[in-house]
Amino acid sequence: MTKEIGITVKKSNDFSDWYTQCVLKSSIADYSPSKGFIILRPYGYAIWEIIRELLDDELRKTGHKNGFLPVLIPESLLTKEKDHFDGFMPEVFWVTKSGDSDLGEKLAVRPTSETIAYSMFSKWISSYRDLPLKMNFWNSALRAEIKSTKPLIRNSEFLWQEGHTAHKDENEADEEVRVILDIYKNLIEQFLALPTLSGFKTDKEKFVGAKYTTCLESLMADGKALQMATSHHLGQNFSRPFEIKFLNKDTVEQFVWQTSWGISWRVIGAIIMVHGDDKGLILPPKISPTQVIIVPIYKDDSKAVVKQKAYELEQKLKESKIRAQVDDRDAYTSGWKFNDWEMKGVPLRVNVGLRDIKENKVELIRRDTKERFYVTEKELVNQSLSTLEKIQSNMFDRAKIHLQENTRSATTLEELLSVLDTFGGFVACSWCGKRECEDLVKEKTTADIRIVPFNPKNNISSCIGCGKQETIEVYFGRAY
RNA sequence: GGGGUUGUCGUCUAGCUUGGUAUGAUGCCAGCCUCGGGCGCUGGAGGUCGUCGGUUCAAAUCCGACCAGCCCCA
């Protein structure tokens, strides 16, 4: 009779259903009444807030300032950079009316903010002294997703940050692109415990309007790739149409060099997909809203003393900056609470009951390994701190092994298809650099080039598409 | 873009073939019970059957359109 409450499918049997159940039943998010939109609930938003604070901190340290942009963009601005507009056009929502009357110029609901940001940059920048201009915006973006929506992974609206910068020369913009990608990589690997591949996008896959795009790719448990974050070098592609010019020291007027970059709530979906198990989520300690959940186990006559002890433990943990919480709800049994917190993915649980109090100990249970052990009350704080660290690194290591074991190579189209069909994952191949070969592989295998790695392994052979000899190494994969 | 499939108290669900005022569980509320892996007992509240329209004396049920969810393929 209790079977219906938790996650009812195995991760390995029906990954898609498992994922959706995880999102809904852990109360991270819920569907909204309109197609393709979701509602982030307090538990999900708490995770997002932690991620946001971590990233904000790094951006502040590197000289970026937060601002806010309007959600509506006049059509004339959005269409100024042609490639950019053509790329986004199919999924732009338009506002055409105010009340009953038609608007003179229709307004786009932002699919991304380059155009409106840069129309302002051109006002704000006139001298080399105004540079670099490094701004960041925490907002949402809207892109109409008609089909294949998946909570947090692909929705018509998503939370993200978008950074926009302007620089005096190309090198400085190059450097900015790299610095940002490093910040993302550190956040994703060290805090979200998700290993990534880093590199360039091909011209086909790059951000529309960019000179080049760098990105981080991760591998989900079902063998599909997921783009985690991107950092674009925009060259002068936007500064020319938007006339963002400055007078240099040498009194020569120049266009600025720009970057833009972003990371979205999609990473929360990735955390679920990579780390979760049949019981639900497993959250990396560093971004878990609750790091230690304390479950007091009591009968009526022991309730007061056990709860009191639980609050004491909570206080001690909090004094050591551990996000601890007592589940003091009387309405649920302890067994129910165990399952509930496991589904929510809290990394470490403390069980404390009357018999533990008498023996001056508590039980610790790791979410990642299900390992359980007793510690004395005195050891609790230190044991919790060190166990949380172990969980954090164990989660990364496990995911890293999964990534390595599912990164293979292929030298022919047939081999590539067979590897993809059998295992999924990333497949290293050689590629001549031509769009035709990239398209051919897509057509034959539905996979695309996820990344042109910064650090190729140098197993170069002839092109997977045309067989030409001069090639570079790329990673193919089927993606979300 | 193409194809398939689903929608019934908060949630899951029976009923639909063959039209006649909706079943059960869980959750919720009250009371009792008490908690070491989703306790138990008693009572109670809760439903425009996704929406709109059509057929009919009568529609959850038949027909159409739309909305929303999910799956497969491109």
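Here is how names work: the chains are called A, B, and so on, in the same order as the sequence lines, proteins then strands, and each is numbered from 1. All figures in this text were calculated on a predicted structure; none of them were measured in a lab. Hydrogens, waters and symmetry mates play no part in the numbers below; they use all other heavy atoms, side chains included.
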_Touch class at under 4.0 angstrom, heavy-atom based, for A:Lys150 against every strand present_ =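 Sugar-phosphate contact only - A:Lys150 comes under 4.0 Å of backbone atoms but never of a base.
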
*asked:* Please classify the nucleic acid contact of A:Ile38 as base, sugar-phosphate, or nothing, using heavy-atom distances under 4.0 Å.
replied: nothing

Between [N] ([atom2]) and [X] ([atom1]): distance, integer Å:
X	N	atom1	atom2	result
A:Asp300	B:G31	CG	P	14 Å
A:Phe37	B:G69	CZ	P	10 Å
A:Lys370	B:G36	NZ	P	20 Å
A:Tyr31	B:A68	OH	P	14 Å
A:Met343	B:G37	CE	P	18 Å
A:Trp18	B:C70	CH2	P	16 Å
A:Asp30	B:U11	CG	P	9 Å
A:Ile294	B:G36	CD1	C1'	17 Å

*Just say parallel, tilted or perpendicular for the rings of A:Tyr332 and A:Trp336, cut-offs at 30° and 60°.*
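Aromatic pair A:Tyr332/A:Trp336 classed parallel.
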
_Classify the ring geometry of A:Phe426 against A:Tyr475: parallel below 30°, tilted from 30° to 60°, perpendicular beyond 60°._
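Taking A:Tyr475 first and then A:Phe426, their aromatic rings stand perpendicular (interplane angle over 60°).
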
_Suppose you measure atom C1' in B:U26 against the same atom in B:C63; what distance do you get, rounded to whole Å?_
35 Å

*How far does the P atom of B:G50 sit from the matching atom of B:U13, given to the nearest Å?*
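Roughly 13 Å separates the two P atoms.
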
*Taking N and O atoms by type only, does the side chain of A:Arg372 place a donor or acceptor under 3.5 Å from a partner on the base of B:G36?*
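Not at all, since no donor on one side and acceptor on the other fall under 3.5 Å apart.
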
*So does A:Lys444 have more than 12 non-hydrogen atoms from other groups sitting under 6.0 Å from NZ?*
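No - once you tally the heavy atoms of other residues, nucleotides and ligands closer than 6.0 Å, there are 12 at most.
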
*Mark yes when over 12 heavy atoms from residues, nucleotides or ligands other than A:Lys378 sit less than 6.0 Å from its NZ; otherwise mark no.*
no

_Let's see if you get this right: which residues in residues 356-367 of chain A place a heavy atom under 4.0 Å from RNA chain B?_
A:Asp356, A:Glu363

*So, for A:Trp48 and A:Trp138, is the gap between ring centers shorter than 6.0 Å?*
yes

Complementary nucleotide of [N], counting Watson-Crick and G-U pairs under 3.5 Å:
N	value
B:G1	B:C73
B:G64	B:C52
B:C32	B:G40

*Can you tell which of A:Lys201, A:Gln227, A:His232, A:Lys206 makes a side-chain hydrogen bond (donor to acceptor under 3.5 Å, both in side chains) with A:Thr213?*
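By the side-chain hydrogen bond (donor to acceptor under 3.5 Å, both in side chains) criterion, A:Thr213 pairs with just one of A:Lys201, A:Gln227, A:His232, A:Lys206: A:His232.
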
*asked:* Using the side-chain hydrogen bond (donor to acceptor under 3.5 Å, both in side chains) definition, which of the options A:Ser260, A:Ser264, A:Ser113 pairs with A:Glu162?
replied: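 Looking at A:Ser260, A:Ser264, A:Ser113, the match for A:Glu162 under the side-chain hydrogen bond (donor to acceptor under 3.5 Å, both in side chains) is A:Ser113.
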
